[in-house]
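The structure appears right after this line, and notes come after that.
None of these values were measured; they are calculated from a predicted model.
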Amino acid sequence: MVSGAFKVAELLYGITFEERNDIQKYNKDVTTYEVKDKDGEHLAVFYADFFPRAGKRNGAWMTSYRSQKVLGGVNVRPHVSIVCNFTKPTKTKPSLLTFQEVTTLFHEFGHALHGILANGHYASLSGTSVFWDFVELPSQVMENWCYEKECLDLFARHFETGEKIPAEMVQKLKASATFMEGYATVRQISLARLDLAWHATNPEKVEDVATYESAVLKETDLLPPIESNNTSTSFSHIFQGGYSAGYYSYKWAEVLDADAFEYFSQKGIFNSEVATKFRSLLAAGGTRHPATLYREFRGKDPDPKALLRRAGLEKV
């Protein structure tokens with residue numbers, strides 16, 4: 001799966017990943033790679049930290065140990081890492097990923113590409129240092145390739161027989177992606193509305209949290225309330241983790257990534273012209289307004305109906 005992600009990046013952007021054993025690393029389970037551009041020029045150092053261990057927190061994320069910047073006329077290239085918690089291989093069985101873990105890998109790899117391909121002047125505006133409602137576009141758009149037979153045929157084979165993933169299984173994966181999408185969409189919107197409501201209200205005027213929450217969520221409630229349930233006091237994104245008054249960014253990024261991948265689908269999922277435009281968007285980081293970058297890539301503003309089409313909701 002890792003080689004597959006690297007192959008997708010090579011087909012899109014011409015970059016390659018070469019494992020290096022002479023680069024210092026912080027744990028024996030970490031694998032280091034040198035990333036090179038199509039002309040062989042050094043782009044980045046990439047650290048892959050995939051397996052759980054004592055003291056390592058759960059989840060998956062991308063981070064930069066050194067951001068790209070220009071210093072003294074020299075383009076200082078980034079050191080980028082993705083961290084996951086996949087099952088370790090054994091003596092008799094490789095590390096087999098669930099499909100959700102594959103999309104997680106591609107998601108974090110999308111963030112990593114944002115950092116690897118950065119080409120600005122200041123570290124504070126480099127790579128993923130962009131407006132918060134834009135940061136998830138590069139990651140979420142990469143997940144789309146996981147549902148395409150043309151992409152999966154590059155690497156998705158049975159670990160014992162070598163058989164390529166059957167077309168009917170890919171169709172099932174695509175069909176499963178729209179399961180419960182109506183509910184999931186309304187749920188995301190309700191959480192975003194609640195988040196914004198708390199940050200647009202003087203808390204001194206809220207006498208009862210449950211009553212206030214109920215009033216805010218009235219338009220999006222689909223199920224009867226559960227006694228003692230309170231989202232405001234349990235949903236951490238409302239007040240911490242960088243998403244305060246910004247939880248809507250996940251849904252807006254879905255609009256962007258659905259519209260962006262629709263462009264790839266129309267031209268070909270490995271179309272070099274579209275990929276070159278998207279690379280320019282990634283390279284710019286936060287140096288320019290994201291709406292301007294997106295229009296230059298797409299030639300127009302994003303179409304929210306692209307998300308409805310992908311979710312199977314357009315005709316509902």
> Under 4.0 Å between a Lys/Arg side-chain N and an Asp/Glu carboxylate O for Asp22 and Arg20?
Replying inline: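 A salt bridge is present here (some side-chain N lies under 4.0 Å from a carboxylate O).
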>> Closer than 4.0 angstrom, basic N to acidic O: yes or no for Asp37 and Arg279?
In response: yes
> So Asn144 and Asp257, side chain to side chain donor-acceptor pair (under 3.5 Å) or not? Walk me through it.
Replying inline: CA-CA 9 Å; Asn144 290 279; Asp257 96 71; 2.9 Å; yes
> Under the side chain to side chain contact (heavy atoms under 4.5 Å, CB included) criterion, do Tyr13 and Thr276 qualify, and how do the steps go?
Replying inline: CA-CA 7 Å; Tyr13 308 119; Thr276 298; over 6 Å; no
Is any side-chain heavy atom of [X] less than 4.5 Å from a side-chain heavy atom of [Y]?
| X | Y | answer |
| --- | --- | --- |
| Thr32 | Glu19 | no |
| Phe297 | Val274 | yes |
| Glu136 | Leu256 | no |

> In terms of heavy-atom contacts, does OH of Tyr122 have more than 12 from other residues, nucleotides or ligands at under 6.0 Å?
Replying inline: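 Incorrect, the count does not exceed 12.
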> In terms of heavy-atom contacts, does CG of Leu222 have more than 12 from other residues, nucleotides or ligands at under 6.0 Å?
Replying inline: yes
Is a donor from one side chain sitting under 3.5 angstrom from an acceptor on the other, for [X] and [Y]?
| X | Y | answer |
| --- | --- | --- |
| Glu34 | His42 | yes |
| Arg57 | Asn85 | no |
| Thr128 | His114 | no |
| Tyr212 | Thr201 | yes |

> Which is it for Asn271 and Tyr263 under the side chain to side chain donor-acceptor pair (under 3.5 Å) test, yes or no, and what are the steps along the way?
Replying inline: CA-CA 10 Å; Asn271 181 275; Tyr263 189 25; over 6 Å; no
>> side chain to side chain donor-acceptor pair (under 3.5 Å) for Tyr243 and Tyr250? Distances and angles first, verdict last.
In response: CA-CA 10 Å; Tyr243 284 91; Tyr250 275 107; 2.8 Å; yes
> Do side-chain atoms of Glu10 reach the backbone of Ile15 as a donor and acceptor pair under 3.5 angstrom?
Replying inline: no
